[in-house]
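Below, chains carry the letters A, B, ... as their sequence lines are ordered, and counting in each starts from 1.
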2 protein chains.
Amino acid sequence: MVPVSLINADRLWARLMALAEIGATRAGGVNRQALSDGEIEAWRRVIGWAQEAGLTTATDAAGNLFLTLAGRDRAALPVLVGSHLDSQPTGGKFDGAAGVMAALEAVVSFAEGGETPRRDLIVVAWMNEEGCRFAPGMMGSEAFTGARGIEAIRAVRDTSDISVGEALDRLHAAFPDLARKPLGFMAAAYLELHIEQGPVLEAADRVIGVVTGIQGKKTFQVVVGGAEGHAGTLPQQERRDAVAAFARMAAALHAEIGAIDAETKFTIGRVTIEPNAPSVVPSRVTFSIDLRHPDNGVLDAAGARVEALCHRHAPPCAVTITPLVDAPSNDFDSELRERIARAADDQDLPAMAILSAAGHDARHLAKVCPAAMIFIPCRDGVSHVEHEWAEPEHVAAGASVLAQVMRDLAFANQPSAAEA
Amino acid sequence: MVPVSLINADRLWARLMALAEIGATRAGGVNRQALSDGEIEAWRRVIGWAQEAGLTTATDAAGNLFLTLAGRDRAALPVLVGSHLDSQPTGGKFDGAAGVMAALEAVVSFAEGGETPRRDLIVVAWMNEEGCRFAPGMMGSEAFTGARGIEAIRAVRDTSDISVGEALDRLHAAFPDLARKPLGFMAAAYLELHIEQGPVLEAADRVIGVVTGIQGKKTFQVVVGGAEGHAGTLPQQERRDAVAAFARMAAALHAEIGAIDAETKFTIGRVTIEPNAPSVVPSRVTFSIDLRHPDNGVLDAAGARVEALCHRHAPPCAVTITPLVDAPSNDFDSELRERIARAADDQDLPAMAILSAAGHDARHLAKVCPAAMIFIPCRDGVSHVEHEWAEPEHVAAGASVLAQVMRDLAFANQPSAAEA
């Protein structure tokens, strides 16, 4: 058994709590949306800790943050480990931040111990994982892996009409001395620790989840077009009321798609009404659809039904449905999963295989290098809420397993799959 | 037949168009919400025209604007004539403004002709008729008639958390020299000209509508309380999704209440979702209900069904329903209606009796003095839209009939009903 003292659990927890002060909400949560002042302040804090430990720091054109412990063999492919620092508007202290801080803690512990890995170990914080200010999310990992062009990403705007491009330029201007890496580079492996955001580990009383893969996800933006009118005078039968059409569509979607099976997740999370005045018949409703399922066949069929139901219930209003995300379910690298399971076993930590119901940047990294994820439990399985919580001992256990796998990968002398 | 030259039709039209430049929208409409910078600028313009004609100007604690042509007998009760200068966020050039400008044109024409009425003739612009920025509307006429206390009105806040009280103080500060009238005073009569906001006059090819009364109206604010969660992980059967509950409620309300009979008007015009992020199960939806019917019995029964349907479809979410407006249908003063019909007839203008489907400040004035309204047609019957339109000759005809009734009431020597 490798001792948990592979990392400094107290420092990790203290830093995670210090980070949660940036963007802290009254209800104990965190509002630190992508490229906000809060995220800039979080960068400043994290960069400070990295530089204190002698790491080199860099960013790229997509606003990803890299903290590097240099290896002996600078030609060997690096091991990338991280998650994200942005949060939902009413998010918690752990979603994203736990993964970045666990990776940083591992690297800082190696550096403190005077251990130099063979490969570069790079801690990464991906830009805009959450996708709430700028939708859809995972922009940093998409740009890094080439899944989406940086120009298309820069053009996306938030509800205040600020573009990702403008917000990125502002981020970079706040760190004028930060080195700039090219966008996308080869890696020997990618690892990510994250809270489970579901109830499975807690219910099974396990501390380490070896993530088998991520369930598939489709998202859509739907625009319902009606006609404005006076609420007191326009006869009901002459109306093209966009909220009435939205209500029929949303009620049918929830009833039919939400009931396909127990594994289907269907959410309408964002709705915007125009002109949104009490005595005006609404002319336009824009809404988001988030649909997930671990089985790609069921997911595709459900996606087709979403479109059919929208078209069926929209009239007399018009409807346009724009697919935004179409991510099939994926499997993580089996060798990395074995390494994680072995590390957990070595440390006497009870582990189990688990499917990720939520999307993560690891989904994109898995397309360009071997990738895997470690889950730790979160209380009551809830996330994306202000009272989201992970126990200090679970954070420490996850970070310790992560550190052992990082050491396995970065200190060993064998070539990686990509190098072989 | 009294000639239309009772007023200056060209000046009236030119001023109405000049007023429409304040808060003009790109699509040709007007966004001049209550107590906004735009409304302050509109006041400045209107006060200028009034002072040019020798009228005295004043306001009151509720932010109503009064422009007075002094009568010979200052002890006689005044005749009040007006409407409102605020608009919907995507409103038109005529709703409200036509009534204020027609009344002003009549009074300016009398003053120019050197005609001094027996009674004071007071043009009024009521504060916040529309109720979109600060809900519910008709605050100025409610405060004037004592239907609602000024302190309760001052406490209402807009979505930027600015209170009516703060906005009123700002309005008054912009006009430091304006005289202050007490809140509410006796009047011999109240007259209001308005566009119909419906298709009846146009379909019947009539230019003047003698309004018999206003259909009854109930409004509610409904809050649906659910629980936030992660869109990808929280199992569907464990969710308390506020948008899902809203969709069921709204679909049932539109289907059942909207189908009671052809005279029922049912609108959900404003909807707010929290936290309104694509990958978060929504925890809270707040929405407005606007329900109107000319028959008080049907209206009351429909109102009770609204509450029952909300409660039936809300679970597993919680719901609270707050009634805001409960205004039964009313009948306008029969003697004033006869005077309007006679004036239209004198001017060879085709008139017809018509029910108002929309609410107006006259509803409140009718409780404290004889009150009546004149309708003129609007194109395609549409209002509360940017392409709202009234023909110049219809505006002129309405203003001329209004002027004749004002003359009948203010220049005659007989005492009013209240004085008799």
Residue-level interface, residues 213-221 of chain A with chain B, non-hydrogen cut-off under 4.5 Å
A:Gln215
By residue number, those in residues 284-292 of chain A with heavy atoms under 4.5 Å from heavy atoms of chain B are A:Ser288, A:Asp290, A:Arg292
Against chain A, work out which of B:Gly91, B:Cys132, B:Pro282 has the most heavy-atom pairs shorter than 4.5 Å and name it.
B:Pro282
One option among B:Ala358, B:Gly381, B:Gly198 has the most heavy-atom pairs under 4.5 Å with chain A, and it is B:Ala358
Report, in residue-number order, which members of residues 265-272 of chain B are under 4.5 Å from chain A by heavy-atom distance.
B:Lys265, B:Phe266, B:Thr267, B:Ile268, B:Gly269, B:Arg270, B:Val271
Looking at B:Ala251 and A:Ala247, what are the two nearest heavy atoms and their distance?
N-CB, 3.6 Å
Strictly distance-based, threshold 3.5 Å: is any side-chain N or O of A:Thr233 a donor or acceptor partner for the main-chain N or O of B:Gln197?
yes
Does any N or O in the side chain of B:His384 come within less than 3.5 Å of the main-chain N or O of A:Ala231, such that one atom is a donor and the other an acceptor?
no
What do the steps show when you test A:Glu130 against B:Ser279 for side chain to side chain donor-acceptor pair (under 3.5 Å), and what is the final call?
CA-CA 8 Å; A:Glu130 296 289 1; B:Ser279 62; 4.9 Å; no
Side chain to side chain, B:His230 and A:Val382, heavy atoms closer than 4.5 Å
no
State, yes or no, whether a side-chain contact exists between B:Gln88 and A:Pro275 at a heavy-atom distance under 4.5 Å.
no
Relative to chain B, which of A:Gly258, A:Pro89, A:Ala135 shows the most heavy atom pairs under 4.5 Å?
A:Gly258
When rounded to the nearest 0.5 angstrom, what distance separates OG in A:Ser383 from CG in B:Leu234?
10.5 Å
Which value, rounded to the nearest 0.5 Å, describes the distance between A:Arg248 atom CZ and B:His254 atom NE2?
8.5 Å
So which part of B:Arg239 gets closer than 4.5 Å to some heavy atom of chain A, the side chain, the backbone, both or neither?
side chain
Please name all residues satisfying side chain to side chain donor-acceptor pair (under 3.5 Å) with B:Ser283, sequence neighbours left out, ordered by chain then number.
none
Region of A:Thr264 in contact with chain B, defined by heavy-atom distances below 4.5 Å
backbone
